[in-house]
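Worksheet: the structure to be examined is printed underneath.
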Amino acid sequence: MTTMKKIYIVAASLLVLLAAACEKDDTTGATNPVPQLSVTGLKDTFNVFTYQDFLKITPTVQNDSEFDYYWTMFTTEFIPGQGLVKADTIGRAKDLNYEVLKDPGQYILVFNAKHKQTGVLKQVNMIVNVTTLTMNGWYLVKDNAGKTDMDFIHKTGRIDNWIANFNGKSLEGNFVKAVFAPSFRASLTSATYYNALAVATDKDMAIYRIDNGSMLMNFDNMFFTKPAIRKPQALLQPVANQYLIAINDGKAYSLTKGAPFATMPTNFNNVVYNNISPISGVGAMALCWSPVRKSMFCIDGATFVELRATNGGNRLQNMNADLKWIAGYAGARSVALALFRNPQDTGYLFKLNVQFGPLYSGSGALITTVDTLKPEHGLMHADVIGGNHDVDLIYYSIGDKIYMMDVASAAESLQFTIPAGEAVTAIQHIRYPQPIGNPAPAATQNYIVIATYKAGRYKVYKHPISGTGTISALPQADYEGEGRVSTVIYMEQGNGSRVF
């Protein structure tokens with residue numbers, strides 16, 4: 001049933017009920033003339049931003065002293081079998097001045113005028129479309145003075161400290177990780193879904209609705225069994241988006257959206273998983289590393305999966321090296337790059353096929369190429385590293401210099417030098433829409449984003465990518481603000497980018 005049909009049915013039902021209940025004065029046995037309501041200053045439709053606008057309406061009513069007034073609002077999202085829909089009373093005067101705090105959606109607004117002498121109730125129905133500023137723009141996740149928050153940049157302005165703006169305070173602790181996490185819902189049986197941002201600090205984790213900014217849960221209530229040690233280290237959003245994975249104090253937790261995080265076993269199939277590295281990525285599954293076993297493994301939903309020797313997975317187990325960086329390009333490309341360092345400071349750069357088959361069952365070659373990097377190679381001294389989803393290029397900073405490396409040849413080239421005094425805090429490839437599907441959608445946003453920090457303030461530069469993958473210095477930053485930016489997420493119609 002369409003929304004407009006629902007509105008007409010509701011309006012017709014109200015009129016029938018009112019005609020039966022309001023037009024006759026049963027106390028006297030006489031039928032009184034029905035008072036006429038003549039009103040101007042109302043519109044058929046109002047469009048407002050939630051958590052941003054006030055709905056202000058000043059109608060003019062002929063003979064207004066003869067009526068008492070109130071305003072009601074109810075959603076058009078009806079669920080079969082839910083029974084009578086209860087309206088919210090949002091005003092008790094002729095003039096309405098209502099702070100909009102509703103979830104985005106379409107609502108029916110009713111102007112109610114009750115005739116004082118006869119008790120007859122007259123109503124005027126209108127449509128209110130509630131939208132939000134928070135669905136389209138750039139989220140800059142930052143920390144500042146021991147607290148983590150986000151500055152949000154949209155077409156017509158910005159909301160600084162987005163978390164505090166909607167929840168009264170920033171998230172405690174210094175930044176650890178943030179991911180776009182789609183398809184949350186209130187329970188496992190709920191038919192209503194909403195997208196979210198999941199943020200981890202060294203003291204807390206929280207999940208926030210994008211459409212209204214509200215906190216869905218935090219460390220104190222997001223686990224079936226709350227961990228004894230509060231030490232968030234990583235968040236992973238698999239392609240199978242009904243799950244969200246967290247690493248806390250070296251242990252893994254899996255959340256099925258609509259339920260809290262469940263504790264994954266620390267011993268599974270006689271393998272110990274109690275010291276998981278925060279350095280992790282995403283392919284068809286979550287890509288994780290055990291610094292004790294010096295082995296790579298996967299998490300599939302709520303299950304650990306070991307790599308198979310039959311397709312080369314044994315080369316990533318019991319290694320004489322440590323994982324230093326990994327980037328997983330989930331979706332259509334299904335490639336990951338993983339950088340290791342051995343005790344002699346030699347580097348190994350693996351390119352992996354991270355489709356489901358090679359990771360789960362060992363079908364198809366897992367390792368595509370391996371480059372050996374000498375200890376003096378620039379990548380082995382990088383301060384911050386970022387990838388490129390579309391081609392085998394790596395961008396990294398050494399001090400104030402930005403380099404690019406071609407994975408196939410291991411050749412590195414200086415791109416430019418950042419302004420004096422600025423320190424690089426993040427390098428990311430922002431590619432939107434998410435490159436999932438076959439074929440993957442063409443990119444509408446395609447930048448290498450570099451964030452820097454100087455004297456308590458950040459700058460974010462959005463570098464266009466040339467046809468050969470090179471980037472150039474920009475004359476000025478695109479965004480500036482207080483704090484240190486570590487992650488950038490682009491949002492469009494409530495759908496966000498992955499962190500590459």
In chain order, what residues pass the side-chain contact (heavy atoms from CB on, under 4.5 Å) check against [X], with sequence neighbours excluded?
{"X": "Thr131", "value": "Phe49"}
{"X": "Phe224", "value": "Ala259, Pro260, Ala262"}
{"X": "Gln415", "value": "Ile402, Met404, Ser413, Thr470, Ile471"}

Quiz item: Taking only residues two or more places apart in sequence or in another chain, which ones pass salt bridge (charged side-chain N to carboxylate O under 4.0 Å, His left out) with Lys56?
Solution: none
Can you confirm whether the side chains of [X] and [Y] place a donor and an acceptor under 3.5 Å from each other?
{"X": "Lys169", "Y": "Asn161", "value": "no"}
{"X": "Asp149", "Y": "Asn144", "value": "no"}
{"X": "Asn129", "Y": "Gln106", "value": "yes"}

Only counting residues at least two apart or in another chain, list the ones meeting side chain to side chain donor-acceptor pair (under 3.5 Å) with [X].
{"X": "Tyr360", "answer": "none"}
{"X": "Thr444", "answer": "none"}
{"X": "Asn97", "answer": "none"}
{"X": "Lys177", "answer": "none"}

Only pairs under 3.5 Å count here: list side-chain donor-acceptor contacts from residues 323-338, not counting sequence neighbours, and write none if there are none.
residue	atom	partner	partner atom	Å
Tyr329	OH	Asn388	N	3.3
Arg333	NE	His389	O	3.4
Arg333	NH1	His389	O	2.7
Arg333	NH2	Asp392	OD1	2.3
Ser334	OG	Gly331	O	2.6

Quiz item: Which pairs with one or both residues in residues 243-253 pass side chain to side chain donor-acceptor pair (under 3.5 Å), sequence neighbours excluded?
Solution: Asp249-Lys251
Quiz prompt | Within residues 422-457 or reaching into it, pairs that qualify as ring pair (Phe, Tyr, Trp, His ring centres under 6.0 Å) - sequence neighbours excluded | solution = Tyr432-Tyr490
Residues 472-485, side-chain donor-acceptor partners within the protein, below 3.5 Å, at least two apart:
residue	atom	partner	partner atom	Å
Asp478	OD2	Lys462	N	2.7
Tyr479	OH	Trp138	NE1	3.3
Tyr479	OH	Lys462	NZ	3.1

